[in-house]
Amino acid sequence: MSTPRAGLALASLALVAVGCEVVAPAPTGGQRYGLGTPLDERVLAGWNIDVAPDGTGLPPGRGNVAQGRTVYESKCVSCHGEKGVGGPANRLAGGSVKSRPQVKTVGSFWPHATTIYDYVNRAMPWDRPQSLAPDEVYAVTAYLLFINGIVPESATLDAVSLPRVRMPNRDGFNPVDPRPDTR
């Protein structure tokens, strides 16, 4: 059963999680809830790990295709299959958005190479998210780009080179909402 107080408690917890101090209105009897502790920068930095399409947020580090193959084979192949195809999880390699039906993979659909780094860093491996070191994430990203034919086998990626990788579907996304009822 949802109540206004339950909604307020959930909203307060969400704000506390992002570092806002929350003091709820006093309940009956004039007592305060006392919720809310401001987060210090060190704690907040642990949550501030997103990477923008232009590469803003990429950490220091580097990784190459050969290193990425090793990491992939030890931490990714059981879910995504050999060379990104054939596992129980989403296919990562090959495909085409022009074929019918569309086959959307990292190489055929994603518009920015930095998104690969961002997603792998935050969410993979699924059973141990955020467990890979930056060098491992750069390496896996290099390997995924290689098996999709986007970078050569000799590629090494870092915070400077990764944003420069041009994805095949980079121009396939329209930033304008095409619905007639929106502006």
Side-chain angles (χ1 to χ4, degrees), residues 10-22 36-77 79-80 84 87 89-93 95 97 104-177:
L10 288 174
S12 298
L13 288 174
L15 289 171
V16 169
V18 296
C20 300
E21 186 169 345
V22 178
T37 302
L39 297 176
D40 64 33
E41 290 300 319
R42 185 178 50 81
V43 173
L44 193 53
W47 289 93
N48 189 15
I49 60 171
D50 61 312
V51 175
D54 69 358
T56 301
L58 283 168
R62 64 183 315 140
N64 64 42
V65 172
Q67 294 163 333
R69 181 180 288 114
T70 301
V71 174
Y72 183 90
E73 288 172 354
S74 69
K75 300 183 180 188
C76 311
V77 74
C79 291
H80 294 286
N90 290 342
R91 180 178 174 171
L92 300 176
V97 293
K104 295 179 181 179
T105 66
V106 166
S108 70
F109 186 70
W110 291 23
H112 305 286
T114 53
T115 305
I116 301 167
Y117 184 99
D118 180 62
Y119 186 76
V120 170
N121 184 50
R122 285 185 294 108
M124 293 289 126
W126 76 270
D127 61 339
R128 291 179 318 282
Q130 299 180 30
S131 65
L132 300 177
D135 288 349
E136 291 177 301
V137 181
Y138 279 115
V140 167
T141 301
Y143 179 69
L144 292 175
L145 291 168
F146 167 70
I147 62 175
N148 278 282
I150 298 167
V151 299
E153 193 167 7
S154 60
T156 297
L157 298 178
D158 58 23
V160 174
S161 61
L162 181 58
R164 293 180 180 161
V165 172
R166 183 157 176 85
M167 297 296 282
N169 199 34
R170 183 180 189 113
D171 299 325
F173 286 77
N174 183 353
V176 177
D177 189 338

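Numbers here are sequence positions counted from 1.
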Any heavy-atom pair between the side chains of [Y] and [X] that's under 4.5 Å?
{"X": "N121", "Y": "V51", "result": "no"}
{"X": "D54", "Y": "T114", "result": "no"}
{"X": "L162", "Y": "L145", "result": "yes"}
{"X": "M124", "Y": "V140", "result": "no"}
{"X": "S161", "Y": "Y138", "result": "no"}
{"X": "P125", "Y": "S131", "result": "yes"}

* Asked: With sequence neighbours left out, what residues match E73 under salt bridge (charged side-chain N to carboxylate O under 4.0 Å, His left out)?
  -> none
* Asked: Can you name the salt bridge (charged side-chain N to carboxylate O under 4.0 Å, His left out) partners of R69, sequence neighbours left out?
  ->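 Once residues adjacent in sequence are excluded, the partners of R69 under the salt bridge (charged side-chain N to carboxylate O under 4.0 Å, His left out) criterion are E153.
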* side-chain contact (heavy atoms from CB on, under 4.5 Å) with A139: which residues, sequence neighbours excluded? -> Q67
* Y72 side chain to G84 backbone, donor-acceptor under 3.5 Å -> yes
* Donor-acceptor pair, side chain of N148 and main chain of L92, under 3.5 angstrom -> yes
* To do: Keeping to residues at least two apart or across chains, list the salt bridge (Lys or Arg N to Asp or Glu O under 4.0 Å) pairs with something in residues 124-147.
  => K75-E136
* Classify the ring geometry between Y119 and W110 as parallel (under 30°), tilted (30 to 60°) or perpendicular (over 60°). =>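 Taking W110 first and then Y119, their aromatic rings stand perpendicular (interplane angle over 60°).
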* To do: Output the distance between atom CD1 (I116) and atom CG (L157), rounded to the nearest 0.5 Å.
  =>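 Rounded to the nearest 0.5 Å, the CD1-CG separation comes out at 9.0 Å.
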* What is the distance from atom CG of L144 to atom OG1 of T105, rounded to the nearest 0.5 Å? ->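 These two atoms lie 10.0 Å from each other.
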Looking only at heavy atoms, which two atoms of [X] and [Y] are closest? And how far apart?
{"X": "P59", "Y": "P134", "value": "CG-CB, 4.0 Å"}
{"X": "A45", "Y": "I49", "value": "O-CG2, 4.1 Å"}
{"X": "A142", "Y": "V65", "value": "O-CG2, 3.7 Å"}

* To do: Apply ring pair (Phe, Tyr, Trp, His ring centres under 6.0 Å) to F146 and list each qualifying residue two or more places apart in sequence or on a separate chain.
  => none
For residues 164-173, run the donor-acceptor check on the side chains, cut-off 3.5 Å, and write out each pair with its distance to 0.1 Å, sequence neighbours left out.
unit_1, atom_1, unit_2, atom_2, d
R166, NH2, D171, OD2, 2.7
N169, ND2, F109, O, 3.0

* Are there more than 12 heavy atoms of other residues, nucleotides or ligands under 6.0 Å from atom CZ of R62? -> no
* Looking only at side chains, do T115 and D118 share a donor and an acceptor under 3.5 Å apart? ->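 T115 vs D118: no donor-acceptor pair found between side chains.
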* To do: Give the C-alpha distance, both sets of side-chain angles, the deciding distance and a yes or no for side-chain contact (heavy atoms from CB on, under 4.5 Å) between Y143 and V71.
  => CA-CA 9 Å; Y143 179 69; V71 174; over 6 Å; no
